[in-house]
Amino acid sequence: MAFRLPFHRLPEQNLRVIPRYAQSPRNISLGTRRNLTSAALRSCVRNTKRPASCIPQVLGANVFRSSFAPLGGYQVRTYADTIVKVPQMAESITEGTLKQFSKQVGDYVERDEEIATIETDKIDVSVNAPEAGTIKELLVNEEDTVTVGQELAKLELGGAPETKTEEATEKPKEPASTEEPKAPEPEQPKSAKDSEKPAASEPGSSKQPQPAASKPDIPDDAKPSPGNREERRVKMNRMRLRIAERLKQSQNTAASLTTFNEVDMSSLMEFRKLYKDDVLKKTGVKLGFMSAFSRACVLAMKDIPAVNASIEGPNGGDTIVYRDYVDISVAVATEKGLVTPVVRNAETMDLVGIEKAIADLGKKARDNKLTIEDMAGGSFTISNGGVFGSLMGTPIINLPQTAVLGLHAIKEKPVAVNGKIEIRPMMYLALTYDHRLLDGREAVTFLVKVKEYIEDPRRMLLG
């Protein structure tokens with residue numbers, strides 16, 4: 001039960017006499033001390049956002065403690081309430097779905113501790129407590145659509161409630177009383193001898209094994225048999241809805257066409273085998289294939305700059321935008337859907353720098369810590385379906401980009417090398433491009449150049 005101070009009835013005139021008695025609270029009557037304390041609280045709440053830090057300065061801790069000490073059994077609430085609102089997420093995001101509350105009414109939270117999670121089209125946004133306090137009321141429900149600035153919860157500022165310490169002291173007493181009934185538990189492994197127990201004591205022992213035997217039967221009955229025909233309907237999350245919308249928009253807008261080629265991975269695999277241990281020791285980065293393909297694309301774009309361009313403007317676009325920089329979007333599969341974090345200014349990086357940037361973005365994606373800035377922009381996309389065993393596929397363009405390179409699984413195949421049949425590790429490459437901006441000659445030339453750089457990585461040093 002909380003004792004609430006009547007702020008609207010407090011005489012603020014008493015603030016003038018507070019300094020006189022601040023050092024000697026014993027000389028003041030209990031009623032006067034309460035009036036002084038209440039007036040100080042009212043002034044602090046009105047004039048500052050942090051009444052907890054204001055009260056000791058105006059009143060003095062001794063006066064405040066002695067004012068309400070005689071109120072045995074009552075809890076004094078001295079701090080104002082604050083409203084937790086939906087934070088700013090990004091310029092392009094104005095609403096989201098409140099996925100879950102990580103704290104409930106009555107829970108105490110520290111400052112910056114997560115209270116709720118909001119699911120948006122691109123990322124999950126955490127709502128943190130602005131100050132330490134106790135959650136007083138939740139103003140929205142889970143799965144509700146919320147907008148930026150909307151009120152989510154009421155937070156009563158202050159320290160942790162004292163009731164927690166009392167509960168902690170009471171909890172150890174409970175096991176002492178429950179230790180005795182736990183004695184029959186060792187009998188459970190002897191369930192095979194249940195037939196002998198009723199003979200010994202029919203009324204007492206026969207009742208206990210029955211629930212234990214019936215519990216495993218419930219899940220077995222609930223499991224669908226091979227002949228069952230059941231359906232489940234699950235609402236799509238915001239990210240999946242956004243992915244579906246963007247992919248369909250790409251199909252309806254771009255004149256997509258895919259060209260294929262086959263690349264011999266022998267030289268790149270040998271290169272990686274020779275230097276991966278040294279690179280790992282010096283930089284802590286695991287050298288992979290994505291950095292080599294990214295670097296090869298950057299060099300090929302110097303000859304075919306339209307691959308890095310885009311079409312912008314009304315009615316499907318009437319302006320071509322050419323870029324002097326290369327921001328590579330790397331497709332990463334997560335539990336909630338496909339995301340494309342961006343490696344910025346890839347043209348200024350070497351293989352190790354690109355590999356480190358990709359690894360960092362991949363880790364953030366798996367840990368669900370990507371920000372809007374990590375995924376904004378991008379001028380070219382690389383999608384590696386080979387990690388899942390894909391042999392060949394046709395990736396979809398990530399608008400407003402013009403092209404996307406698809407990598408696939410490496411398979412050993414017999415190939416003709418200098419008139420001889422040899423077994424080589426081969427990979428299919430797929431380049432899907434927007435035929436509105438790229439002609440077949442340019443797209444094929446770009447893909448062939450990427451193939452040449454991969455089959456002879458030394459050529460990248462000359463680019």
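For the numbers below, each heavy atom of this structure counts, side chains included, while hydrogens, waters and symmetry mates do not.
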- request: Please lay out, stage by stage, how Thr258 and Thr432 fare under the test side-chain hydrogen bond (donor to acceptor under 3.5 Å, both in side chains).
  value: CA-CA 4 Å; Thr258 304; Thr432 300; 2.8 Å; yes

Review item, side-chain donor-acceptor pairs of residues 279-287, under 3.5 Å, at least two apart:
residue, atom, partner, partner atom, Å
Thr283, OG1, Val279, O, 2.6
Thr283, OG1, Val285, N, 3.3

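- A donor-acceptor pair under 3.5 Å is absent between the side-chain atoms of Thr134 and the main chain of Asp107, judged by distance alone.
- In this structure a side-chain-to-backbone donor-acceptor pair under 3.5 Å is missing from Glu347 to Tyr325.
- Of the possible polar contacts, none joining the Arg424 side chain to the Ser266 backbone as a donor-acceptor pair under 3.5 Å is found.
- Atom CG in Leu361 sits 10.5 Å away from atom CZ in Arg366 (nearest 0.5 Å).
- Taking the side chain as every heavy atom from C-beta outward, Leu429 and Leu407 approach each other to under 4.5 Å.
- Side-chain contact between Ser267 and Pro457 is present, with at least one heavy-atom pair separated by less than 4.5 Å.
- A salt bridge links Glu245 to Arg242: one of the charged nitrogens lies within less than 4.0 Å of a carboxylate oxygen.
- Counting only distance, with no hydrogens or angles, the side chain of Arg246 and the backbone of Leu399 share a donor-acceptor pair below 3.5 Å.
- At distances below 3.5 Å, at least one donor-acceptor pair connects side-chain atoms of Ser250 with backbone N or O atoms of Ile397.
- Salt-bridge annotation for Arg238 and Glu95: present, with a side-chain N of the basic residue lying under 4.0 Å from a carboxylate O of the acidic one.
- Checking Asp327, Thr381, Asp434 one by one against Gln401, the side-chain hydrogen bond (donor to acceptor under 3.5 Å, both in side chains) holds for a single residue, Thr381.
- Sorted by first then second residue, the ring-ring contact (aromatic ring centres under 6.0 Å, His included) pairs that include residues 252-294, not counting sequence neighbours, are Phe271-Tyr275.
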message: Quick one, Leu155 with Val109, criterion side chain to side chain contact (heavy atoms under 4.5 Å, CB included). Give me CA distance, side-chain angles, the key distance, then yes/no.
response: CA-CA 9 Å; Leu155 186 66; Val109 293; 3.8 Å; yes

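- A salt bridge is absent between Lys364 and Asp360: the closest approach of a Lys/Arg side-chain nitrogen to an acidic carboxylate oxygen does not fall below 4.0 angstrom.
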query: Does the side chain to side chain contact (heavy atoms under 4.5 Å, CB included) test come out yes or no for Leu299 and Lys302, once each step is laid out?
result: CA-CA 6 Å; Leu299 296 176; Lys302 294 182 178 180; 4.0 Å; yes

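- Under the 3.5 Å distance criterion, the side-chain polar atoms of Lys103 are left unmatched by any main-chain donor or acceptor of Glu114.
- The side chain to side chain contact (heavy atoms under 4.5 Å, CB included) with Ser291 is formed by just one residue from the set Ile354, Asp350, Val352; it is Ile354.
- Minimum heavy-atom separation, Tyr453 to Ala296: CB-CB, 3.7 Å.
- No side-chain donor-acceptor contact under 3.5 Å links Asp439 to the backbone of Arg441.
- Listed by chain and residue number, nothing satisfies the salt bridge (charged side-chain N to carboxylate O under 4.0 Å, His left out) test with Lys411 (two or more places apart in sequence, or in another chain).
- At a threshold of 4.0 Å, the pair Arg232-Glu230 does not count as salt-bridged, since none of the basic side-chain nitrogens sits closer than that to a carboxylate oxygen.
- At distances below 3.5 Å, not a single donor-acceptor pair connects side-chain atoms of Gln88 with backbone N or O atoms of Val148.
- Contact detail for Phe101 and Gln104: the closest heavy-atom pair is O-NE2, 3.5 Å.
- For the atom pair Thr394 OG1 and Leu257 CG, the distance stands at 10.5 Å (nearest 0.5 Å).
- Residues Met265 and Ile454 have side chains in contact (heavy-atom distance under 4.5 Å, counting atoms from C-beta outward).
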- request: Check the pair Ile118, Val86 against side chain to side chain contact (heavy atoms under 4.5 Å, CB included), reporting the backbone distance first and the verdict last.
  value: CA-CA 9 Å; Ile118 298 176; Val86 178; 3.7 Å; yes

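- Put simply, the side chain of Ser294 reaches to within 4.5 Å of the side chain of Ile358, judged on heavy atoms.
- Pro425 approaches Ile410 most closely through the heavy-atom pair CB-CG2, 3.6 Å.
- Closest approach of His408 and Met427 over heavy atoms only: O-CE, 3.1 Å.
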task: Take Asp81 and Ile83 through the side chain to side chain contact (heavy atoms under 4.5 Å, CB included) test and state the conclusion after the steps.
output: CA-CA 7 Å; Asp81 296 341; Ile83 301 296; over 6 Å; no

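- At a threshold of 4.5 Å between non-hydrogen side-chain atoms, the residues Glu113 and Ser102 do not count as touching.
- Here the side chains of Leu152 and Ile115 are not in contact, with every heavy-atom distance at 4.5 Å or above.
- Taking the charged nitrogens against the carboxylate oxygens, Lys235 and Glu143 have no contact shorter than 4.0 Å, which rules out a salt bridge.
- For Asp303 (side chain) and Ala300 (main-chain N/O), no donor-acceptor pair under 3.5 Å exists by modelled atom type.
- Put simply, the side chain of Glu262 does not reach to within 4.5 Å of the side chain of Val415, judged on heavy atoms.
- A heavy-atom distance below 4.5 Å is found between the side chains of Phe446 and Met301.
- With hydrogens and angles ignored, the 3.5 Å screen pairs no side-chain donor or acceptor of Glu137 with any backbone N or O of Lys154.
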